[in-house]
2 protein chains.
Amino acid sequence: MGAAVEESLDLEKALKAIASPRRLQIMQWLQDVAANFPAQVHGDPVKHGACNLFITDKLEVSQPAASRHMKVLVEAGLVVATARSGWVYYRRNEPAVDALKHQLLAL
Amino acid sequence: MGAAVEESLDLEKALKAIASPRRLQIMQWLQDVAANFPAQVHGDPVKHGACNLFITDKLEVSQPAASRHMKVLVEAGLVVATARSGWVYYRRNEPAVDALKHQLLAL
DNA sequence: TAACGACATAGCAAAGTCGTTATGGAGCTC
DNA sequence: GAGCTCCATAACGACTTTGCTATGTCGTTA
């Protein structure tokens, strides 16, 4: 794929991504990483986001289940993953979220 | 305050309802019934909406499939059904759609 | 009454979703 | 290197979604 262009938001994919209680909650948690997750040693909450392990713990599902939920959100463009020394941090892709909201307002 | 009725909108149900290309398109068609559907004899396009038969034709699926899609939208509260002398007309429930948009803006 | 048209429901099969456990790669520490 | 943690993928089962055809109900019409 090429450079990230938020205007090419796949509405159906984004809607299916958030039409799940787990993933909707993840998106809400990621609104404030510092407030909703424990302190991290290796990544900045604001700049990089929350790591998969913390999300797994909060979701109370298995680690692979959380991992796949994050993959769905990433592939929908709503979340950005940052790999960093063994950990993977996830943060919201606000331009994409805004694009989604904008498209939904025309619904 | 306008007609911002705080309905008991089930966010997950509403999201799942529109997270389908068929149903999303139906919602868009229902934005302008008079423009998107043939003239009706027995029901007013604006007041009552479009009948199941026209939606079936536009969707290019079987009549039961269209009927079930409409049921999902009705049960999500996004569409209102009006039975009238053998026909059933469907129209958007704008307050519910507005409530959905409002909730999504907080995402 | 009989026939027809519009719609809903039942029943079935293919495909997708979402949980699990098992396994493997990448990076850190000793 | 050995061992550990974090994360992703594979493989499987249970459940849900979505298409179809067949059938039933209801209201109108001849």
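Please read these numbers as outputs of a predicted model, since none were measured by experiment. Below, read A as the first sequence line, B as the second, and so on, with proteins coming before strands; counting in each chain starts at 1.
In this structure, Glu75(B) atom CD and dT9(C) atom P are separated by 9 Å, rounded to whole Å. Residue Tyr90(B) contributes atom OH, which lies 8 Å from atom P of dC7(C) at whole-angstrom precision. Here the C1' atom of nucleotide dA8(D) and the CZ atom of Arg84(A) are 20 Å apart, to the nearest Å. In this entry the distance linking CE of Met70(B) with C1' of dT9(C) reads 17 Å, nearest Å. Atom CZ in Arg22(B) sits roughly 14 Å away from atom P in dG16(C) (whole-Å rounding). Separating the CG atom of Asn52(A) from the P atom of dG27(C) is a distance of 17 Å, rounded to the nearest angstrom. When rounded to the nearest whole Å, the span between CH2 of Trp87(B) and P of dG27(D) equals 13 Å. Here the P atom of nucleotide dG19(C) and the CD atom of Glu60(A) are 12 Å apart, to the nearest Å.
Nearer the 5' end of DNA chain D, as judged by each residue's closest nucleotide, is the contact made by Ala66(A), out of Ala65(B) and Ala66(A). Nearest-nucleotide positions on DNA chain D for Arg23(B) and Arg68(A) put Arg68(A) closer to the 5' end.
Proximity of Ser67(B) to the phosphate of dC7(C): no side-chain N or O atom is located under 4.0 Å from OP1 or OP2. In this structure, His69(B) reaches the dG19(D) phosphate: one of its side-chain N or O atoms is under 4.0 Å from OP1 or OP2. OP1 or OP2 of dT9(D) has at least one side-chain nitrogen or oxygen of Lys71(A) nearer than 4.0 Å. Here Ser62(B) does not reach the OP1 or OP2 of dG19(D): none of its side-chain N or O atoms lies under 4.0 Å away.
His69(A) and Arg22(A) are not linked by any side-chain donor-acceptor pair at a separation below 3.5 angstrom, with hydrogens and angles left out of the test.
The aromatic rings of Trp29(A) and Phe37(A) sit perpendicular, their planes meeting at an angle over 60°, well past the 30° parallel limit.
Checking dT9(C), dA8(D), dC28(C) against every side-chain atom of Ser85(A), the shortest atom distance belongs to dC28(C).
Searching all strands for a Watson-Crick or G-U wobble partner of dA30(D) with both distances below 3.5 Å returns dT1(C).
Contact annotation: side chain of Gln63(A) to base of dA8(D), donor-acceptor pair present below 3.5 Å.
Summarising the local packing, NZ of Lys71(B) is surrounded by 12 or fewer heavy atoms from other residues, nucleotides or ligands at distances under 6.0 Å.
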